[in-house]
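To start, the structure under review is shown below, and the notes come after it.
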Amino acid sequence: MPRLVVVSNRVAPITEGEPTAGGLAAGVLDALKQKGGIWFGWSGEITEGEASPVHLERTVGSITLYTLDLSRRDYDAFYRGFANGTLWPTLHYQVGHAQFDWAEFDGYRRVNVLFARALARLVRPDDMIWAHDYHLLCLAEALREAGLGNRMGLFLHTPFPAPAVFMTNPAHEALIRAMCGFDLLGFQTEDDRTAFADYVVRQAGGSASDDGVIGAFGRTVKTGVYPIGVHVDEVRHEAEAPAHQRYASRLHDSLSGRPLILSVDRLDYSKGLRPRFIAFERFLERYPHHHGAVVFMQIAPPSRGDIETYREIRRALEAEAGRINGRFAEVDWMPLRYLNRGFARSALMPLYAEAQVGLVTPLRDGMNLVAKEYVAAQNPDNPGVLVLSQFAGAARELDAALIVNPYDETGVAAALDRALAMPRGERIERHTAMLATMRRNSLDAWRDRFVADLS
Ligand code: ADP
Ligand code: F6P
């Protein structure tokens, strides 16, 4: 029976109770738990010498985890440089934050080759290789150069932007050519898949047919849409579990009956945290009857803190949080709580359940699992309201949320006021619709459909 070999830059801490910030780690871990297989990636360690050989990290249940350490030079060029300084902002339409350096692109390809050579020692000829995300766009090309003929698929967790945006990256053609080395390319939404097919047809002189098969660079590749989901019942179960209520009950007591607006994100400029803070300020300006009567809590664990754009956004948010609280706080009320820390998943789900409003307003996001987790955590008899950016992949499925444009701060403020006043009947109706879609597009369905198409 073919084994599933999952490859991603980051592998999750698979010890229960450790925070797992990032949709990839959360999604892949859940998917592998059910099916078993090998998971290979970077250990998170940096060595001052050469990259380490691949080593067995541990085996937990049916998952065997292999990792390698990156050299400082590779980490700088691949992770800090091309993956997170160039590709991440470009894929999220934030071209103003993107830098470009050919030497970093070389480093990116070098690490893809390093991963491929390490994998070549682990895989058997009939294994299926499932690569994840923007760090590994060149992996299949490198695996084929290493002589492997396995089935290879890539799932892109981020958006794929309009061709004109992608082409701001001077290495665009080399990247698309390398992506065509996979047998299957999976995207979060039809918009992403279409943008990729548009590039292939208009820029690479390739072909795209209605069944999602594209031809380019001498290869035939299947493309498909596989929206990543969550285990709906598990999330609700964790949200309610008495053992996990420690933080939630402290939060509940501290609110003294005030409704809570909650946001949870990695501290990333693509998440739209700064415009969100401004929108909350606008809300306090325009709807003064909420003064003293509502609390907004932003949970944002620092992410990629050795990249300057991430340090900048962190400084900017600290300043905004201080300014907004300074402007509106009363002796007995602090409108905005800003927490720079992660929570174990089991502690996070009950926090979602405490919130009357889930505020999820990325400027762009491949999917946004927080939006889905928030909906799944709600009490179906008295659910909270999801306020969701039209630019999150999740908005394609969760259209019963209050959909907002995150660049329109006044519009977001109005949606918050509407959410807080929404009658129970309407809340239930919207929640029921979203839950039904999420059950159809569950995490199991995501994995099973991708694996079926790959095999
Ligand atoms: P991204 O993958 O860009 O970080 P997603 O919203 O898709 O965005 O996924 C984030 C995942 O990380 C979710 O599963 C969420 O539960 C988890 N997460 C986000 N913030 C925290 C936090 N403060 N503590 C623990 N987990 C977090
Ligand atoms: O889900 C998006 C993602 O970029 C993952 O690929 C990544 O593992 C996660 O967020 C966290 O980012 P990082 O691995 O850079 O800490």
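Atoms within a ligand are numbered from 1 in the order they appear, just like the ligands themselves. Atom set for the values below is all heavy atoms of this structure, side chains included, hydrogens, waters and symmetry mates excluded.
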Are [X] and [Y] close enough that their ring centers fall under 6.0 Å?
X    : Y    : value
H172 : Y199 : yes
F187 : Y226 : no
F115 : W42  : no
Y66  : F40  : no

Can you find an N/O atom of [X] closer than 3.5 Å to an N/O atom of ligand 1?
X    : answer
M349 : no
V370 : yes
F343 : yes
D265 : no
R341 : yes

Give the contacting part of D268 toward ligand 1: side chain, backbone, both or neither, where contact means a heavy-atom distance below 4.0 Å.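 Looking at D268 and ligand 1, no heavy atom falls under 4.0 Å.
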Closest candidate by heavy atom, reference [atom], pool [options]:
atom                    : options                : result
atom 23 (N) of ligand 1 : S270, S346, P301, A394 : P301
atom 7 (C) of ligand 2  : H157, H132, R304       : R304
atom 1 (P) of ligand 1  : H92, H157, K271        : K271

Ignoring hydrogens and angles, state whether a donor on the side chain of [X] or [Y] is under 3.5 Å from an acceptor on the partner side chain.
X    : Y    : answer
D192 : T189 : yes
H135 : S8   : no
Y79  : N9   : no

Proximal atoms of ligand 2 relative to R266 (non-hydrogen, under 4.0 Å):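 In order of numbering, the contacting atoms are 10 (O), 11 (C).
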What are the atoms of ligand 2, with element, lying closer than 4.0 Å to any heavy atom of H135?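 What qualifies from ligand 2 is 6 (O).
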Can you find an N or O of Y79 that's nearer than 3.5 Å to an N or O of ligand 2?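 N/O-N/O distance under 3.5 Å: yes.
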Taking N or O atoms only and a 3.5 Å limit, does R10 qualify as a polar contact for ligand 2?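 N/O-N/O distance under 3.5 Å: yes.
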R236: which of E238, E240, E234 passes side chain to side chain donor-acceptor pair (under 3.5 Å):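 When side chain to side chain donor-acceptor pair (under 3.5 Å) is applied between R236 and each of E238, E240, E234, only E240 qualifies.
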Taking 4.0 angstrom as the limit and counting only heavy atoms of [X], give me the atoms of ligand 1 inside it, by number and element.
X    : answer
G342 : 22 (C), 23 (N), 24 (N)
I299 : 23 (N)
R266 : 1 (P), 3 (O), 4 (O)
L348 : 16 (O), 25 (C), 26 (N), 27 (C)
N368 : 6 (O), 7 (O)
V264 : 19 (C), 20 (N), 21 (C)
Y352 : 16 (O)

Report yes or no: does Y374 have a heavy atom closer than 4.0 Å to ligand 1?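 No, Y374 has no heavy atom closer than 4.0 Å to ligand 1.
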Does R345 reach ligand 1, in the sense of a heavy atom lying below 4.0 Å from it?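 Within the 4.0 Å threshold, so yes.
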For the pair E45 (side chain) and D69 (backbone), establish whether a donor and an acceptor sit closer than 3.5 Å, ignoring hydrogens and angles.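 Judged by distance alone, no pair lies under 3.5 Å.
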Any side-chain heavy-atom pair of Y338 and F277 under 4.5 Å: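 Sidechains of F277 and Y338: in contact.
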Is [X] salt-bridged to [Y], cutoff N-O under 4.0 Å?
X    : Y    : result
E190 : R396 : no
R323 : E318 : no
R266 : D365 : no

